[in-house]
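In listed order, ligands and their atoms are each counted from 1. Counting begins at 1 with the first residue of the sequence.
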Amino acid sequence: MAVESTLPTPFRTPASDKDAKALQFIEEMTKNVDSVQERVLREILSRNAETEYLKRFILNGATDRETFKSRIPVVTYEDIQPEIQRIANGDKSPIFSAHPISEFLTSSGTSAGERKLMPTIHEELDRRQLLYSLLMPVMNLYVPGLDKGKGLYFLFVKAETKTPGGLLARPVLTSYYNSDHFKTRPYDPFNVYTSPNEAILCVDSFQSMYAQMLCGLIMRNEVLRVGAVFASGLLRAIHFLQNNWKQLAHDIATGTLNPKITDAPVRECMRKILKPNPELAQFVTMECYEENWECIIKRIWPRTKYLDVIVTGAMAQYIPTLEYYSGGLPMACTMYASSECYFGLNLNPMCKPSEVTYTIMPNMAYFEFLPHGSSTSCLVDLADVEVGKEYELILTTYAGLCRYRVGDILRVTGFHNAAPQFRFIRRKNVLLSIESDKTDEAELQNAIENASLLLKEFNTSVVEYTSYADTKQIPGHYVIYWELLVKDSANAPTDDVLNRCCLQMEESLNSVYRQSRVADNSIGPLEIRVVENGTFEELMDYAISRGASINQYKVPRCVSFTPIMELLNSRVVSKHFSPDLPHWTPERRR
Ligand code: AMP
């Protein structure tokens, strides 16, 4: 087909008619950003005109931007939480959306320690599917031949719950993988996975990972790309291989499945895939038994052309480790999305991680941008953002979120046609993150206060603290540096008490953290490192020597700068780890 893409790429010919249509769609959307945005807002406001929320602000059926901007306030989750709670409790009246709320998507962002509940409507699945359908056509422009093999993707579902009113509450990807859009997707030679649906849909994370890794090994010569949603997920898979290769090789050699895999659908589908293959088992053993993991991805899956993982934002910390395991394979960050809305895609997916930009698709929602540090009266439209400036993303969705602050800070780096391209800068107020957990300063402070109650009977207090997300080992873990004031050295807190302080901190952290610890095993035990008295004063001296003002100096509550880490680590007097798992169940505490 004679459609030429304007995408800056060495391979400009679409791989198929289907791809040509998808690329054409991207072109149309990116050329007509402003008119598409105007239409999207009009559609949202007219269909939701009779909702309780819009009526409250007396829009009187207006669907233009000016009226919308002058009447509707910019809000955070906490502002709309009472309405969300009513929906969760079973109120079926049109509060935010004229369309019935089909389920809640549980964000990894938390409010009062629990995942945020994002109401969604059924048709949003189509919008998400649409964005997914654009990814391969773009990738095919850069990497030819992806129809000649398979993708080894480690994809997982998480536990689901029901709200008091009976609506399902689950993460957006769990919702998507359980949808017919995913489960009964038509065959597409460019999008064939090694993982069977049964393995992806198994809620037990060990069994799911085991089956997916086994399939990946069995089909190793067909694998052309290896991925997971986030970099942390792919590293978990490598770690899993490190811990389980003997059993995996045994299963391959004998054609029998590990008895720990008890999920009936997984056993049934693996029965068809797993056949005795002593040669492959020997290969896996040869590659793994020396415990040399450098380049392991390339060695086991030699045809891999790239890794498909998000390494932007909090995931950038994993780039060096992934480079080590993959032997420097390119890392493609293909999309930018959230529970509230899928935003956009990377039109140059084979670029370096530091150069990744996302182009927001104007048909997904109505987007506004709050210049970083400005008041909420200065919002700009998608078509009007300026190159070089940083903005907070504000969203109005078909499901009824109105002028909602997502909390992401983005910088405009350029344009594709009329569509701005954004670099993900950071999530507001996130201090510590290992995978999807997002711990803010207030949560950390609260956890420290709760833990330090255990020190009271020892007449000891925490005088200063800071933290560090240690991702050098898999799984990563939180490290908290404590400087203690021990008033009676004859009665200093024991090792056991300090270990329990670690657990107490974990109990105080949000449910996403605790779920990662308990259900997913993707975060290791929290560690407290007690440092010598005077260490934090030295830290201040160091900051001042580098130009900080004495009057304005504040102890950083999270550190990663190497000289500071070296200083702290050289003053450690004892290390303590959480001796147990914190409590977590899928049910919400509030
Ligand atoms: P959740 O609501 O749990 O799905 O998390 C969505 C959040 O994950 C977004 O608001 C971002 O902060 C982050 N995120 C999603 N995609 C990306 C990406 N491609 N790069 C960096 N951060 C991302």
Practice task
Examine the proximity of ligand 1 to Ala337 and report which part, side chain or backbone, both or neither, has a heavy atom under 4.0 Å away.
Solution key: backbone

Exercise for the section: Measure the shortest side-chain to side-chain distance between Arg115 and Gln515 over non-hydrogen atoms and say whether it is less than 4.5 angstrom. Expected result: yes

Handout entry: Tyr513 and Tyr478 aromatic ring geometry - parallel, tilted or perpendicular at 30°/60° bounds
Key = tilted

Problem - ligand 1 contact on Met315 by region, counting heavy-atom pairs under 4.0 Å - result: neither

Completion exercise
ligand 1 atoms nearer than 4.0 angstrom to some heavy atom of Arg427 are 7 (C), 9 (C), 10 (O), 12 (O)

Fill in the blank from the handout: closest protein heavy atom to atom 17 (C) of ligand 1 is Tyr336 CD1, 3.6 Å

Completion exercise
Here the atoms of ligand 1 under 4.0 Å from any heavy atom belonging to Ser339 are 1 (P), 2 (O), 3 (O), 4 (O)

Handout entry: Electrostatic pair Arg403-Asp79, nearest N-O below 4.0 angstrom
Key = no

Problem - Under 3.5 Å: donor-acceptor pair, side chain of His99, backbone of Ile121 - result: no

Handout entry: Proximal atoms of ligand 1 relative to Met335 (non-hydrogen, under 4.0 Å)
Key = 19 (N)

Completion exercise
Check: of Leu393, Thr110, Asp408, min heavy-atom distance to atom 11 (C) of ligand 1 comes from Asp408

Exercise for the section: Check salt bridge (Lys or Arg N to Asp or Glu O under 4.0 Å) between Lys18 and all other residues, then give those that pass, not counting sequence neighbours. Expected result: Asp188

Handout entry: Polar atom proximity, Phe424 to ligand 1 (N or O, under 3.5 Å)
Key = no

Problem - atom 5 (O) of ligand 1: nearest protein contact (heavy atom, Å) - result: Ser108 OG, 3.5 Å

Practice task
For the pair Arg65 and Asp34, find out whether any cationic side-chain nitrogen is under 4.0 Å from an anionic carboxylate oxygen.
Solution key: yes

Problem - Expected output: side-chain Glu340 to main-chain Pro119 donor-acceptor under 3.5 Å - result: no

Completion exercise
for atom 20 (N) of ligand 1, nearest protein heavy atom and its distance come out as Thr312 OG1, 2.6 Å

Practice task
Taking the six-membered ring for Trp and the single ring otherwise, decide whether the centroids of Phe240 and Phe206 are under 6.0 Å apart.
Solution key: yes

Exercise for the section: Return yes or no for this condition: an N or O of Ser338 is under 3.5 Å from an N or O of ligand 1. Expected result: no

Exercise for the section: For Tyr358 and Thr312, test the side chains for any donor-to-acceptor distance below 3.5 angstrom and give the result as yes or no. Expected result: yes

Completion exercise
Ile310 heavy atoms within 4.0 Å reach ligand 1 at atoms 18 (C), 19 (N), 20 (N)

Fill in the blank from the handout: Counting from 1 in the order shown, the ligand 1 atoms closer than 4.0 Å to a non-hydrogen atom of Ser107 are 2 (O), 3 (O)

Handout entry: Tyr358 neighbourhood, listing ligand 1 atoms whose heavy-atom distance to it stays under 4.0 Å
Key = 18 (C), 19 (N), 20 (N)

